[in-house]
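In what follows, a single structure is set out as structure tokens and then discussed.
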Amino acid sequence: MTRPTSGFGKDLVGLEPLTAQQIRVILDTAEPFKEISERRIKKVPVLRGKTIVNLFFEASTRTRVSFEFAEKRLSADTVNIGASGSSVQKGETLVDTARNLEAMRIDMVVIRHWASGAAAFLAERIPSHVINAGDGAHEHPTQGLLDILTLRDHFGDIEGLKVCIVGDVLHSRVARSNIFGLLKLGAEVAVCGPRTLIPRGIEELGVEVFTRVEDAIEWSDALNILRLQLERMKGGFVPTLREYNRVYGVTLPRLEAAPRELLILHPGPMNRGVEIDSDVADGPHSVILQQVTNGVAVRMAVLYLLAGGAPDLAESAKSEEDV
Amino acid sequence: MRRAVDRMSREIVERLGGTDQLVLMGIQRRGVHLAEMIAAAIGEAEDVSVPRGTLDITLYRDDLMAVGPKPVVGESKLPPEGVDERAVVIVDDVLYTGRTARAALNELMDWGRPARILLCVLVDRGSRELPIQPDIVGRELSVLGHQRIDVHVPELDGELAVVLEEREAT
Amino acid sequence: MSDGAVLIRGGRVVDPISGVDEVLDVSLANGVIAEVGKDLDSAGAEVVDASTLVVAPAFIDLHAHLCEPGGEHRETIASGARSAAAGGFAAVCAMPTTDPVTDDPASVGFVAAAGRRAGAARVYPVSNVSVGGEGKALVEFGEVLNAGAVALSDGGRSIRSTALLRLAIEYAQTFDVPIMTHGEDADLAGAGVMHEGVVSTRLGLPGNPGVAETIGIARNVALAEMTGGRVHFQRVTTARGVDLIRQAKARGVRVTAEVTPHHLVLTHEDVEGFRTDRKVDPPLRTRADMEGLREGLADGTIDAVATDHAPRHYDEKEAAFADAPSGVVGFETAFAVLHTRLVLEGAINLVTLIERLSAGPARVLGIEGGRLSAGAPADVVLIDPNEEWTVDPATRLSKSRNTAFGGWTLRGRTVGTYVDGRCVWQRSPA
């Protein structure tokens, strides 16, 4: 029981395995999908009859809702499974959950899981398409893609762009997907945060490291500011949130000292007054809400491409005969 | 071919009894260019600016899951006036099986409620698979199954022409 | 010649202790090696043609988990002892990390008795150092040794309390047994599930830094040096750790060390793709670390190769990487993997490999075995150095299939194992 695969393979588990060209095709495909969300009837029939399960082992509002809108706007039938109250909480293993879903003949699974590698694990074991909606601290590819799309909307080109990811890089799947995707597209990437939150060996990925946010701001064209999870304080990675804001908070005075105007991204949800000040989040350089809008378009593009809509990469310009 | 476009333009205006409610919707990609030509011809003759939009029917195709190369999804764009209560003319280069026209109709319906829809094609090569007929036709050509009709437009191909090719055996 | 005598004829006899490496006959009788020499009399003996084989002292594994009691679905003492025999081992040390733990005379006696009943490789119980393996109070060393334990270890757990470890090393001096330690700073290793480095960073997995081992080994070396007691380092994984042990030995500190086959041939890059079949504790480390281990093995800093045979039920590794348990089975691939990747690729020679698998571990434990001289226990392994085979996890004798080397094509294989002069395993002709 294998399904037709597209030029993207069966699954999207991360940006690391993709080529620059594949990433560009996703971004290009997302462009026309932006418009669908502006229509009065926000729906096209392309995934009619497809069944998609949103399997969220971890609580998530933003990503799950974004995927669900994307699926519904493509006319897919969707089912949401959350961790609480489901068989997952009753001790069922990931393998058994996967097999049960498969037995119900689904076409796609969107999975969010606390363990790094969970999406790849599932993808190897079921014939359905698997889309990673965040696995542990590994990858969150659609978030990476929507961040990159938002950057491309503003700067036109990613190549040579200087993007700094600020905050808890150690525990962040968003950071990793951004790093992999941006580097492939030729951006210069830096990370900034206390060394307690910067993983060892990240320089070997080709990433610059700043320990002072002022230096990062001076260097960057755009900042992608990560959420500082409140649990990190308990883990001792930062002494207090107040101190984190003092030392690493992206504030208006710090941005005003920069040699150029920076674009401000944040994958959300924000801790106002911790990693980002309100006047920055709501300020003219913030594209945080555009990220959310782009998120739906990018997820529609990924669903469409995996379901069989991927153009033959070599021939994508040709073939327009009447069907 | 130029004459065919001019004649089609006149016919559109005659059929609709004017240009008041007219909207031209070109199907990506060559239908879009033909719609532009028709709009220019009508605009010149009637001294009006005809609203135009584009339709990309990729997401309405019935063969997404079939094997074979897929087109990149193009842009669908509504004219600023919308399509509600309008007389919408769908413009395409070649009418063959009718499946593209079917998809275009579905897409248009999702966009609004036109008062009337006409189908205008430069070439009708016959061999319909669906009960769909054009309202305005530039030329009718009787073509064998293994032959392929290509319309060339100046913007993409440097000329306006209809080209008959032997289809590669597959 | 007595009943059951065996004459192993015309093999390449490799005995690292005596320095013998030539084509000879070996005769076994009454459970001991009767004679090693040319053209020995075969009268009354079963003759084994070893003309294409290497004849060596059978291997001794300092580190294995036989999972009984408590984990019989993974392995039993009997299945483990058979699997060990198939890998050329005449003896294996059974770690006390059972359920319940092996930390008193009764539990030690159970393991020893079950090992004898298995009638395959000898099973040497290792008792916990601390009661329950909890690192709080010392086990009755005298009692457990009396019941058959050969050494003391808290298994994979590092003894957090330096004070308790000091007492353990000092108290063990009464009995002249080594305290086997996992040299690792447990707090620093934390929740790490693989080596902390660029791969863990890329995969987003919590890392266990190599320095956790540096600190653990440095601490335990310091205690051995202060007390004059014997400390054995289990599963050394870092080049820095090897350096510390080398320096300690040069100062005359009574330390010994083991390394596993998987740490000698795999690195953290081999975990790429979330390979739970290569999730081990301590984790696979860098290429430089692997090279350091090989150097230590070659120059004798590392005394022994130990498998850390850790069976896992087939579905236990079917989980996301962080959720999957650590451990690989190792008996049946240990020699072949190291012969293929180390000996044939020139990192060490065959004699050294055999020494680290036999005489070296015997020396660490202070036990008989590991040599082929007359009067020694008739524990002998026959090796076909040329047989090429592919590791098929499903055809191993262990109850578990969690090998790190599935699909590997290897050269060299153990084909017969004698314990006390009795053939406990023989490879059936293909």
Legend entry - Residue I36(A) versus chain B: region with a heavy atom under 4.5 Å: side chain
Legend entry - Side-chain touch E107(B)/P45(A), heavy atoms, less than 4.5 angstrom: no
Legend entry - When N106(B), I27(B), V151(B), D84(B) are compared by non-hydrogen pairs under 4.5 Å with chain A, the top option: D84(B)
Inset, instruction - Report the distance from atom CG of L59(B) to atom CE of M300(A), rounding to the nearest 0.5 Å. - result: 7.5 Å
Inset, instruction - Take atom CZ of F69(A) as the centre, draw a 6.0 Å sphere, and report whether it contains more than 12 heavy atoms from other residues, nucleotides or ligands. - result: no
Legend entry - Exercise: identify the closest heavy-atom pair between I41(A) and D110(B): CB-O, 3.2 Å
Inset, instruction - Please indicate whether R7(B) has more than 12 foreign heavy atoms, meaning atoms of other residues, nucleotides or ligands, lying under 6.0 Å from its CZ. - result: yes
Legend entry - Nearest heavy-atom neighbours spanning S76(B) and R39(A): CB-NH2, 3.6 Å
Legend entry - Atom CD of E44(B) with >12 non-hydrogen neighbours under 6.0 angstrom: no
Inset, instruction - Using the test ring pair (Phe, Tyr, Trp, His ring centres under 6.0 Å), find all partners of F33(A) that sit at least two apart in sequence or belong to another chain. - result: Y304(A)
Legend entry - K34(A), part contacting chain B, at a heavy-atom distance under 4.5 Å: neither
Inset, instruction - Mind listing the closest non-hydrogen atom pair of Y60(B) and K43(A) along with its distance? - result: OH-O, 3.5 Å
